[in-house]
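The structure appears right after this line, and notes come after that.
Both ligands and their constituent atoms are indexed starting at 1 by order of listing.
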Amino acid sequence: MARVELRNPANETGEWFVDTRCIDCGTCREIAPELFGEEDGLSVVRRQPDSHEDVGAWLAAQACPTTSIGTVSRRSRPGRLYPREIEAGSGVFDLGYCSPDSFGASAWVVVRPEGNVLVDSPRFTEALAGPIAELGGLRHVVFTHRDDVADGRRWAERFGARSWIHLHDRPAARWASDLLGDEQELQPGFLAIPVPGHTKGSVVFLLDGRWLFTGDSLAWSHERQDLTAFRGACWYSWSEQSDSLARLAERHRFAAVLPGHGGRHIGEPGDLHDRLVRLVARMRS
Ligand code: SF4
Ligand SMILES: [Fe+2]
């Protein structure tokens with residue numbers, strides 16, 4: 001629960017606030033950029049929501065890894081907000097409840113006839129485990145890279161799921177049941193594609209040639225309205241990341257980017273392909 005005694009004085013005056021335990025993961029600013037902003041390395045409420053925008057504030061509050069977002073009057077939230085299907089009928093759900101252990105990375109569940117897949121790990125909470133059970137549980141838990149393992153083991157054990165991490169990021173999850181190596185189809189229409197760079201064992205997952213779960217290898221910049229990659233948070237090799245994203249552009253098409261950190265975007269495959277090619281050129285220049 002957000003702590004009003006730690007309310008950041010830079011918040012706009014009013015009911016909603018962010019406390020100073022914020023770790024600046026950026027998730028609230030991604031979910032409700034019209035309400036939250038950054039001030040001296042911490043998120044704050046830039047504008048108090050009106051009653052129609054309340055849901056954005058609640059979604060951010062429920063996703064915040066440090067539970068730093070709340071209301072002065074301690075209002076109770078309006079029912080269950082997550083899992084939240086990101087497009088009606090897609091079977092792709094944002095899970096909220098980000099974990100501080102993954103620096104607030106987003107995690108996703110994909111509902112599939114062959115068994116549901118958890119992509120990266122939210123914090124383990126019964127508030128999510130119950131709804132995930134109602135969606136049919138989990139057959140696989142897959143990790144885009146070592147940074148986003150968080151509570152993955154608990155999720156896998158809870159649902160008796162297989163767990164997958166790339167062999168080069170294995171030290172983060174030695175308990176994982178399966179290792180990823182080369183490109184591999186885990187289920188019909190669900191591809192694991194290695195993209196070494198951000199970490200040596202980074203992987204993106206492509207669902208039905210449309211949804212690309214990118215971890216920290218690729219994201220959307222709302223500021224520039226374009227695809228981006230994080231040079232300042234590249235832990236292994238920027239040149240390898242450029243090469244692996246170039247291979248991704250050569251071999252695959254996608255229409256949506258769903259990252260761990262950074263902006264999400266649903267667009268058009270041809271446009272995103274062209275943007276990825278141009279991003280690679282910028283990365284190499
Ligand atoms: S989601 Fe929470 S931790 Fe992350 S930037 Fe917002 S307030 Fe800070
Ligand atoms: Fe990362």
At under 4.0 Å between heavy atoms, is it the side chain or the backbone of Leu42 that contacts ligand 1, or both, or neither? neither
Is any NZ, NE, NH1 or NH2 atom of the basic residue among Asp101 and Arg123 found under 4.0 Å from an Asp or Glu carboxylate oxygen of the other? no
By number and element, which atoms of ligand 1 are closer than 4.0 Å to a non-hydrogen atom of Val18? 7 (S)
Close approach of Gly26 to ligand 1, heavy atoms, under 4.0 angstrom: yes
Is any side-chain N of the basic residue among Asp226 and Arg278 closer than 4.0 Å to the acidic one's carboxylate O? no
Is any NZ, NE, NH1 or NH2 atom of the basic residue among Glu240 and Arg247 found under 4.0 Å from an Asp or Glu carboxylate oxygen of the other? no
For the residue pair Ser68 and Asp19, confirm or rule out a side-chain donor-acceptor distance under 3.5 Å. yes
Angle, OD2 of Asp216 through the Fe ion (ligand 2) to NE2 of His145 - 10° precision: 100°
Taking the six-membered ring where the residue is Trp, are the ring centres of His261 and Phe103 under 6.0 Å apart? yes
Carboxylate-amine/guanidinium proximity below 4.0 Å for Arg46 and Glu39: yes
For ligand 1, which part of Ile23 has a heavy atom less than 4.0 Å away: the side chain, the backbone, both, or neither? both
Could you see which bit of Cys28 sits under 4.0 Å from ligand 1, with heavy atoms only: side chain, backbone, both or neither? both
Would you mind running through ligand 1 and noting each atom that sits below 4.0 Å from a heavy atom of Cys64? 1 (S), 2 (Fe), 3 (S), 7 (S)
Look at atom 8 (Fe) of ligand 1 and say which protein heavy atom is nearest, naming residue and atom and giving the distance to 0.1 Å. Cys22 SG, 2.3 Å
Can you pull out the closest protein heavy atom to atom 4 (Fe) of ligand 1? Residue, atom name and distance to 0.1 Å, please. Cys25 SG, 2.4 Å
Option passing side-chain hydrogen bond (donor to acceptor under 3.5 Å, both in side chains) with His145 (candidates Asp169, Asp216, Thr199): Asp216
Closest to the Fe ion (ligand 2), among the N/O/S atoms of Asp147, is atom OD2
